[in-house]
Every structure is written in C-alpha cells, then in structure tokens.
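Sequence lines set the chain letters: A, B, ... in the order given, protein chains first and strands last, and positions in each chain run from 1.
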Protein chains: 2
Amino acid sequence: MSHISAGVEYGIHCLLYLTPTFNQRREASVRDLAELQGVPHEFLAKLFTKLAKAGLLVASEGARGGFALARPAADITVLDIVDAIDGQKSLFDCREIRSRCAIFDPENPPAWSSRGVCSIHSVMLSAQQRMREELALWTLADLAARTTEKAPASYPATVIRWLDGRGPARGA
Amino acid sequence: MSHISAGVEYGIHCLLYLTPTFNQRREASVRDLAELQGVPHEFLAKLFTKLAKAGLLVASEGARGGFALARPAADITVLDIVDAIDGQKSLFDCREIRSRCAIFDPENPPAWSSRGVCSIHSVMLSAQQRMREELALWTLADLAARTTEKAPASYPATVIRWLDGRGPARGA
DNA sequence: GGAAATCTACTCGGATACCGCGTGTCCGAGTTATGGTGG
DNA sequence: CCACCATAACTCGGACACGCGGTATCCGAGTAGATTTCC
C-alpha cells in the first residue's frame, strides 16, 4: 500500500479536466468526469466533497450542478490536493520507544527520556518536510501543460466536445 | 498507517544499542535488545534477519550468538535501514489512468497517451527522491550522538552493565 | 585428566492469526433546473 | 400567457462490505558454545 493513495491519483486526473485547458465553462459533474477518466464515480464524489471542504472546489447543487475550481489552476498545488484527500497523514508515527527502556521504571520513566522530539522521529519529520516541499512546487496548471505537451493538438478540443455532448439533454 | 513502518522504528532503536556508544563488544542477542527496548523479540528477530541479508548486520549462530554491526555506525544511513526493512516500497503507485480515458478505444489506447512517465507520477517520484535524499543524510552514529546528548552521562554505562548482566549465565 | 555426549541458547525460516485502513458500493435526503399542467 | 407543480439530475453524507498488508505470535530445524559424563 502506498502512502499517497489512489484517491489522490483519481482526484488529480479529474481536476485536470476542470482547468481552462480542457473545460472553458470550468464546471462539470462528477459522473461525467469519472466516466471520462474511467474511475468509479461514487468514489470520486467522496473525493470531490473533500476537495470542496478544503476550499479547492466550489459545488453548485441541483440539476445541471457540478464542480468548478475555486481558484486559478496555477494557485492549486499538488500538496494542497494530497492534504485535502489524504488528510495530512504523517510519513511515520513515533511510538515513543525511548521511554520504554527496560532500565527505567515502567510506571515513571525519567523526564529526559521524552524531552523534545525523538531523534529518530525528527529525521523522519525532516524527510517528510522535504517531500512536502517538492509537492508544493507543482501546480495543476503545470500538470495540465505537461499533459497537452504530449497529446496531439486536437486532444483538448475532443475532450471539450465529449463533455458538451453529455448532461441531462443527452437522451433527447 | 504510515509509510515508514513500526518495524523500522524498532530496528533503528535497537541498532543504536549495537553502536560502540552503548556496547563495546558490539554484539548482543535479539532477545536482550528487544527486552531492553520493550519491543516483541520475535518480531525483532525477523527485522534483524532482514538487516543481515541487506549486509548491515552480521550474525553469529549458536549459544552466546548474536548480532553485530557489519560496518561502522557512521557508514549506515537511515535510508539503508528503511530500504532493508520496508523494501524500497514506493510512495505512490501509478495506475496509468491516462490510458483509460473514455475518448480512447479501451482495447487500443493511442501510443502517445502512455509514452514516458505519467506527469503526475513524475511529481510523486521527485518527491520520493527528496525524501530519500534526506534519509540518506543521517547515520546511526549521528543518532547515537543525539541520544547521548540528552541523556545523563551515566546512561551509557548503565545500559552496558544491564546488557552484561544478561545472557545464559544470568541464572548462575 | 581428556574425549565424547548432552544440554542450552541462539539464529533461521515458514505458517498463521489478527486488525486497521484503503477501496469500492449502496442508499436516502436535500437542492435546483427543466418540462408539463391548469387557471 | 403566466403561475404552479411534478420530475429529473445532481450534490451531500452516512453506512457497510471486501481485501490487502502490517503487526504479532507460534513452532520446528539447524548451529555452536558450555556443561556433564564416561573411559
């Protein structure tokens, strides 16, 4: 199991299609996005709810409702998305082994043994900090640009047409 | 669940007591170390086996056997230990969502869609690389030094006495 | 007193049980645009 | 023609089943030093 969940992957992929590159009206329903990306739409709904609570998305309810980016794609970092979906979970959780040393009185370990941050824990925290710094360097706009780099020039227009062809009126 | 397992935490804590700071003869049994640190010794045995296979520890079998560091503590990094115990697991596993796009033929997605590394995956890989770089900066010797910094000057000697008082002859 | 046999303590490896969490699914409630109906 | 009502489509939130992997435990086998026994 990986530290950064599949939910984050699903979320980012779908968020890309809310950027102006692929979606001028900047709003789409969860179902359309999920089907476009081939991910379970009920699962994606949960993810988008989290993203909305974190202030990255705004939801409009009711028929013809959907989600849109709450701010420019260049102001949404990968770290924002990871934190919103995975909830700032830490890379390592310290169990305070240092205070379990058999030499100590189990009921009353000395104060110095648990003073400050455990040295092992502090190494893990700095590693986590490095990871977060890197994630904060990249924005949705960067990822959208890299995606269109590889794809043929006609791809964004095809996506837009596909999205416009959906919706409640598709049966009529 | 955290990405860096409890096994790594147990392992590092116990490895610290194989450094010259705490253990001049540089060898100790799994059971003694486990009881000293208050961790399950059968679980620790598995971890030490992994560390030995990775070349960080050397085992001597038989009665009075035990483990010792295979090289100086200053040459064993936290990254070495993490890789040995957790097995180089990646921070993120890409599911190639990009080739699932509903616009493509599901049986035959276009080649450009999966050319090179997924842009999202590459961000995660660089974040992981940053994390590993930080873990590689710290060695067992650093951690041992930081531990003795906080502890009273008498602590290492107390640990040594405790370890020496153990072993098969402790009943006699 | 010395050699052989036994004992003890340790490593090594596999098998297995438990449990938490990520993943995925289902369902009911609330909200709003759309289309139809009646005055 | 306009106001009203029913319907459809969507978000929101909780509940729950499933499976995987980390954690922990147990057991048998092999090895080597220590102890005891026997010649």
Side-chain angles (χ1 to χ4, degrees), chain A residues 1-11 14 27-35 37-54 57-68 82 85-87 89-93 95 97 163 166-172, chain B residues 1-11 14 27-35 37-54 57-68 82 85-87 89-93 95 97 163 166-172:
Chain A
M1 195 176 318
S2 45
H3 181 249
I4 296 178
S5 68
V8 169
E9 186 173 11
Y10 294 169
C14 293
E27 184 169 337
S29 78
V30 166
R31 179 166 310 173
D32 289 349
L33 286 173
E35 288 187 20
Q37 296 298 311
V39 304
H41 78 273
E42 285 167 322
F43 188 43
L44 186 64
K46 292 195 177 307
L47 303 175
F48 268 34
T49 300
K50 287 184 184 177
L51 292 169
K53 281 188 180 174
L57 288 179
V58 287
S60 55
E61 288 193 349
R64 294 273 181 188
F67 286 92
V82 170
I85 292 180
D86 281 351
K89 68 180 173 184
S90 57
L91 210 58
F92 174 81
D93 68 302
R95 309 192 178 195
I97 307 287
L163 282 173
R166 309 268 304 176
R170 67 178 174 274
Chain B
M1 197 176 319
S2 46
H3 181 249
I4 297 177
S5 69
V8 170
E9 185 174 13
Y10 295 168
C14 294
E27 184 167 338
S29 77
V30 166
R31 180 166 311 174
D32 290 349
L33 286 173
E35 287 187 21
Q37 296 298 311
V39 304
H41 78 271
E42 285 169 322
F43 187 43
L44 185 65
K46 290 196 177 310
L47 303 176
F48 269 33
T49 300
K50 287 184 185 177
L51 292 170
K53 281 188 181 172
L57 288 179
V58 288
S60 56
E61 288 192 351
R64 294 271 180 189
F67 285 94
V82 170
I85 293 180
D86 281 351
K89 67 181 174 183
S90 59
L91 209 59
F92 174 81
D93 69 301
R95 312 193 175 194
I97 307 287
L163 282 174
R166 309 269 304 177
R170 67 176 173 276

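Here the closest heavy-atom approach between residue A:F48 and residue A:C14 is recorded as CZ-CB, 4.0 Å. The nearest pair of heavy atoms linking A:G7 to A:L47 is O-CD1, 3.4 Å. Among all heavy-atom pairs drawn from B:S2 and A:S90, the shortest one is CB-O, 3.8 Å. Of all heavy-atom pairs between B:E9 and A:R95, the closest is OE2-N, 2.8 Å.
Between B:A52 and A:V8, the one whose closest nucleotide on DNA chain C sits nearer the 5' end is B:A52. Along DNA chain D, the nucleotide nearest to A:T49 and the one nearest to A:G62 differ in position, and the one closer to the 5' end is contacted by A:G62. Each of A:E61 and A:A6 has a nearest nucleotide on DNA chain C; the 5'-most of these lies closest to A:A6.
Rounded to an integer number of Å, the gap from NZ of B:K89 to P of D:dG21 is 11 Å. A straight line from CZ of B:F43 to C1' of C:dG14 spans 16 Å, rounded to a whole angstrom. In this structure, CZ of A:R64 is placed 9 Å from P of D:dC10, rounded to the nearest angstrom. Separating the CG atom of B:L57 from the C1' atom of C:dC12 is a distance of 14 Å, rounded to the nearest angstrom. Between A:H3 atom NE2 and D:dG21 atom C1' there is a gap of 15 Å when expressed in whole angstrom units. Rounded to an integer number of Å, the gap from CZ of A:F92 to C1' of D:dG22 is 14 Å. A straight line from NZ of A:K46 to P of D:dC10 spans 18 Å, rounded to a whole angstrom. Between B:L44 atom CG and D:dA24 atom C1' there is a gap of 13 Å when expressed in whole angstrom units.
Within the 4.5 Å cutoff, no side-chain heavy atoms of A:H3 are placed close to those of B:K89.
The side chain of B:Y10 contributes no N or O atom lying less than 4.0 Å from OP1 or OP2 of D:dT23. The side chain of B:R95 places an N or O atom within less than 4.0 Å of a non-bridging phosphate oxygen (OP1 or OP2) of C:dT23. Using a 4.0 Å cut-off, some side-chain N or O of A:S5 falls inside it from OP1 or OP2 of C:dT23. Contact check, A:K50 against D:dT11: no side-chain N or O comes under 4.0 Å of OP1 or OP2.
Using a 4.0 Å heavy-atom distance criterion, A:F67 is classed as a sugar-phosphate-only contact.
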